[in-house]
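Structure first, then comments.
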Amino acid sequence: MIDYRLMNIDDYQQAYDLWILCGNGLNDKDDSREGIEKYLKRNPSTSFVATCDGRVVGVILCGHDGRRGIIQHACVSPDMRRLGIGNELVALALEALKNEGINKVLLVAFKKNEGGNAFWEAQGFTLREDLNYRNKALTELVRIDPDYTKE
Ligand SMILES: CC(C)(COP(=O)(O)OP(=O)(O)OC[C@H]1O[C@@H](n2cnc3c(N)ncnc32)[C@H](O)[C@@H]1OP(=O)(O)O)[C@@H](O)C(=O)NCCC(=O)NCCS
């Protein structure tokens with residue numbers, strides 16, 4: 001039996017362990033306990049966890065800037081995939097964004113992540129071939145996801 005509820009900072013360690021296991025892109029500041037606590041304080045009603053017997057088996061970080069929603073760090077434990085958990089987490093996040101008056105939501109996924117991209121396609125997230133994704137670090141960020149350090 002899977003339960004779904006809002007994520008809170010007490011879920012941090014289990015969520016972090018899952019992100020590391022699932023290969024989500026992480027850095028030392030944004031994904032520290034303090035970083036995630038800051039995010040959840042700013043976005044208290046749009047990030048969710050799935051639990052099974054008290055164990056966190058799925059997470060979705062979701063928030064907005066008052067205009068666009070953004071989804072990050074969606075993941076489901078490898079032993080619990082293809083059961084619809086990711087689908088339900090996305091549905092909860094999208095419903096929460098709609099309740100806050102948000103009309104569009106975006107996300108980024110590594111191109112090499114075929115499963116992840118197939119999942120987002122199935123969720124109706126269209127690929128924007130007409131855009132270049134750009135960003136700029138404002139402080140030094142150290143990537144800490146294991147996949148990245150292997151590259
Ligand atoms: C992507 C992820 C969150 C999907 O979670 P999930 O609970 O297994 O997804 P669901 O069971 O809800 O799948 C819904 C639909 O998405 C599609 N889908 C999901 N995973 C897929 C995969 N590996 N390959 C192809 N299609 C996939 C299917 O259409 C699936 O429906 P179906 O099972 O009836 O065919 C999970 O595989 C994961 O944690 N991956 C590693 C982290 C990641 O890639 N995160 C997202 C990128 S930012």
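Atoms within a ligand are numbered from 1 in the order they appear, just like the ligands themselves. Please read these numbers as outputs of a predicted model, since none were measured by experiment.
Closest to atom 4 (C) of ligand 1 among all protein heavy atoms lies Phe119 CD1, 3.6 Å. If you check which protein heavy atom lies closest to atom 7 (O) of ligand 1, you get Gly86 N, 2.8 Å. Looking at atom 36 (C) of ligand 1, its nearest protein heavy atom turns out to be Arg81 NE, 3.6 Å. Protein heavy atom at the shortest distance from atom 21 (C) of ligand 1 is Arg82 NH1, 3.3 Å. Counting only heavy atoms of the protein, atom 23 (N) of ligand 1 lies nearest to Gly115 CA, 3.5 Å. The protein heavy-atom contact nearest to atom 45 (N) of ligand 1 is Ala74 O, 2.8 Å.
By the 6.0 Å contact criterion, CZ on Arg42 is open, its count of non-hydrogen atoms from other residues, nucleotides or ligands being 12 or less. For Asn103, the CG atom is loosely surrounded, since the number of other residues' heavy atoms within 6.0 Å does not exceed 12. More than 12 heavy atoms of other residues, nucleotides or ligands lie within 6.0 Å of CG in Asn99, so this atom counts as buried by the packing criterion.
In terms of N/O distances under 3.5 Å, ligand 1 is approached by Val76. Residue Gly84 has at least one N or O atom closer than 3.5 Å to an N or O atom of ligand 1. The shortest N or O to N or O distance between Cys75 and ligand 1 is not under 3.5 Å. Not one N or O of Cys22 is nearer than 3.5 Å to an N or O of ligand 1, by distance alone. In terms of polar-atom proximity, Asn113 is counted as a contact of ligand 1, with an N or O under 3.5 Å from an N or O of the ligand.
Salt bridge status for Arg55 with Asp3: absent, with no side-chain N to carboxylate O gap under 4.0 Å. Using a cut-off of 4.0 Å between Lys/Arg side-chain N and Asp/Glu carboxylate O, Arg128 and Asp130 are scored as salt-bridged.
Ligand 1 lies nowhere less than 4.0 angstrom from a heavy atom belonging to Gly23. Within the structure, the closest approach of Phe110 to ligand 1 does not fall below 4.0 Å when heavy atoms are considered.
Under the 4.0 Å distance rule, the nearest protein heavy atom to atom 34 (O) of ligand 1 falls outside the cut-off.
In terms of hydrophobic clustering, with Ile, Leu, Val, Met, Phe, Trp and Tyr side chains grouped at heavy-atom distances under 4.5 Å, Val49 and Tyr16 are assigned to a common cluster.
Near Gly116, meaning under 4.0 Å from one of its heavy atoms, ligand 1 places the atoms 44 (O). Residue-ligand proximity, Trp120 to ligand 1, at heavy-atom distances under 4.0 Å covers atoms 46 (C), 47 (C), 48 (S). Distances below 4.0 Å separate heavy atoms of Asn87 from the following atoms of ligand 1: 12 (O). Those atoms of ligand 1 that come under 4.0 Å of a heavy atom in Ala118, given as number and element, are 24 (N), 25 (C), 26 (N). Near Ile85, meaning under 4.0 Å from any of its heavy atoms, are these atoms of ligand 1: 7 (O), 12 (O).
The residue Leu107 has no part lying near ligand 1, judged by heavy-atom distances below 4.0 Å.
At least one donor-acceptor pair closer than 3.5 Å links the side chain of Tyr12 to the backbone N or O of Asp31.
When side chains are defined from C-beta on, Trp19 does not count as touching Asp145, because their heavy atoms never get closer than 4.5 Å. Considering only heavy atoms from C-beta on, Lys29 comes within 4.5 Å of Thr139 through its side chain.
A pairwise comparison of heavy atoms in Ala96 and Ser45 identifies CB-O, 3.3 Å as the closest pair. A pairwise comparison of heavy atoms in Met7 and Ala15 identifies CE-CB, 3.8 Å as the closest pair.
Glu34 is linked by a side-chain contact (heavy atoms from CB on, under 4.5 Å) to Ser32, counting only residues two or more places apart in sequence or in another chain. In this structure, the side-chain contact (heavy atoms from CB on, under 4.5 Å) partners of His64, at least two apart in sequence or on a different chain, are Leu97, Glu100, Ile102.
Of the options Ala50, Ala122, Gly25, the smallest heavy-atom separation from atom 17 (C) of ligand 1 is shown by Ala122.
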